[in-house]
Amino acid sequence: EKTLVGQNEKEVNEQSLTMKVVNLSDGDARGVYKNTTYDFRRFGTLKCYLHAEKIDENDDLNRGDLKFFIRLGSDFTENYYEYEMPFDLTPWGATDTADIWPKQNYLLIDLQKLIDAKQARNIENRYQGTVALTDVYTVADGENTINVVGSPNLSDVNVIMMGIKNPRKKSLDDGD
């Protein structure tokens, strides 16, 4: 089984990315993207290490207040797979490697789960007719979520987007 990141430096040029997101409105997201032409079918997993740090010592954000997301698709709005995960923030002034790179922030996506989510949506739609292809179809993957919109295809990924979401709360809002 091949892995997208770190398996073979000649196949994939592993990169780092830094984003600074502050004052993200409730229900809003910010991300970066790359236009590409990639066939993900030859890989079994996608790995990503996430480091997020608090802006100052008074920052009161907790796990789940923000979520990391990555989208793979032919576009950003109508045909994509999206994987979301809550993450831990490094405490202000931390110097310990385990605090800076917490194991909970290690993202390992089994790409077959994306395909399975799309197939589950299609089967549900075929027998119950309740899910439009334009709607976001969500499947839980532990505390993470997989979202499917449209008809994405891992054999023809034209855009990769990743970023941070401030999820809208259903009841009492976190105020951030």
Side-chain angles (χ1 to χ4, degrees), residues 1 3-5 17 19 21 24-34 36 38 40-41 43-53 60-90 101-176:
E1 178 176 292
T3 300
L4 185 58
V5 176
L17 171 70
M19 288 181 59
V21 179
L24 190 60
S25 299
D26 193 49
D28 201 2
R30 290 292 178 264
V32 297
Y33 68 92
K34 176 179 176 117
T36 185
Y38 221 93
F40 278 74
R41 292 177 302 173
F43 301 106
T45 58
L46 179 105
K47 294 180 183 180
C48 186
Y49 298 93
L50 179 66
H51 165 76
E53 59 189 54
D60 64 349
L61 289 171
N62 297 304
R63 181 175 185 80
D65 287 346
L66 299 172
K67 293 188 177 187
F68 170 79
F69 71 91
I70 184 166
R71 281 186 186 177
L72 307 171
S74 58
D75 58 67
F76 297 129
T77 57
E78 296 178 4
N79 297 285
Y80 63 84
Y81 293 106
E82 180 178 76
Y83 198 88
E84 282 184 24
M85 70 174 257
F87 56 88
D88 289 335
L89 283 95
T90 298
W101 295 101
K103 290 181 182 176
Q104 300 89 325
N105 290 1
Y106 174 66
L107 179 63
L108 176 66
I109 302 172
D110 177 353
L111 296 175
Q112 184 60 47
K113 289 183 179 184
L114 303 179
I115 297 166
D116 293 345
K118 178 180 163 185
Q119 288 176 337
R121 189 244 355 233
N122 292 348
I123 289 168
E124 183 177 326
N125 194 39
R126 186 176 313 128
Y127 292 108
Q128 297 174 11
T130 56
V131 184
L133 292 181
T134 56
D135 292 341
V136 177
Y137 182 79
T138 302
V139 174
D141 185 26
E143 69 174 338
N144 304 332
T145 56
I146 299 169
N147 298 313
V148 181
V149 175
S151 294
N153 189 333
L154 288 178
S155 69
D156 187 26
V157 173
N158 296 316
V159 293
I160 301 171
M161 175 186 252
M162 58 180 68
I164 305 298
K165 287 184 179 184
N166 184 2
R168 186 175 304 279
K169 303 294 183 194
K170 292 180 181 169
S171 57
L172 292 177
D173 188 46
D174 60 0
D176 295 321

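Counting begins at 1 with the first residue of the sequence.
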Side chain to side chain, E82 and K165, heavy atoms closer than 4.5 Å
yes
From T45 atom OG1 to I109 atom CD1, the distance as rounded to the nearest 0.5 Å:
9.5 Å
Could you measure the distance from the CG atom of D88 to the CD atom of E53? Nearest 0.5 Å is fine.
14.0 Å
Nearest 0.5 angstrom please: L114 CG to L46 CG, how far?
9.0 Å
Kindly indicate whether the side chain of L108, heavy atoms from C-beta on, has any atom under 4.5 Å from the side chain of K47.
yes
Counting C-beta onward and ignoring hydrogens, is there a side-chain heavy-atom pair between D28 and N166 closer than 4.5 Å?
no
Closest heavy-atom pair, N105 versus M85, reported as atoms and distance to 0.1 Å, is CA-CE, 3.6 Å
Show your reasoning for whether side chain to side chain contact (heavy atoms under 4.5 Å, CB included) applies to L154 and Y81.
CA-CA 9 Å; L154 288 178; Y81 293 106; 3.8 Å; yes
Looking only at non-hydrogen atoms, find the nearest pair between R63 and P86 and report the distance.
NH2-O, 3.5 Å
Nearest atoms (heavy-atom pairs only) where F68 meets C48:
CZ-SG, 4.2 Å
Is it the case that atom OH in Y33 sees more than 12 heavy atoms from other parts of the structure closer than 6.0 Å?
no
If we check side chain to side chain contact (heavy atoms under 4.5 Å, CB included) with F40, which of these qualifies: D156, N153, I160?
I160
L133 versus S151: any side-chain heavy-atom pair under 4.5 Å?
yes
Could you tell me if the side chain of K118 sits less than 4.5 Å from the side chain of I115, heavy atoms only?
no
Smallest heavy-atom separation, D75 atom then T77 atom, equals OD1-N, 3.0 Å
Taken to the nearest 0.5 Å, the spacing of M162 CE from L107 CG works out to 9.0 Å
State, to 0.1 Å, how close G31 and M19 come at their nearest heavy-atom pair, and which atoms those are.
CA-CE, 3.9 Å
For the pair R121 (side chain) and V136 (backbone), establish whether a donor and an acceptor sit closer than 3.5 Å, ignoring hydrogens and angles.
no
Are side-chain heavy atoms of Y80 and M161 found at a separation under 4.5 Å?
no
Side chain to side chain, I164 and F87, heavy atoms closer than 4.5 Å
yes
T138 vs N147, side-chain hydrogen bond (donor to acceptor under 3.5 Å, both in side chains): CA-CA, chis, key distance, verdict
CA-CA 4 Å; T138 302; N147 298 313; 2.7 Å; yes
I need the minimum non-hydrogen distance between T130 and N125, along with the two atoms involved.
N-OD1, 3.7 Å
With a 4.5 Å cut-off on side-chain heavy atoms, are L66 and V21 touching?
no
dist Q112:CD -> Q119:CD (nearest 0.5 Å) comes out at 6.5 Å
Return the orientation label for the W101 and Y49 ring planes: parallel under 30°, perpendicular over 60°, tilted otherwise.
perpendicular
At what distance, to the nearest 0.5 angstrom, does CG of L111 lie from OH of Y83?
10.5 Å
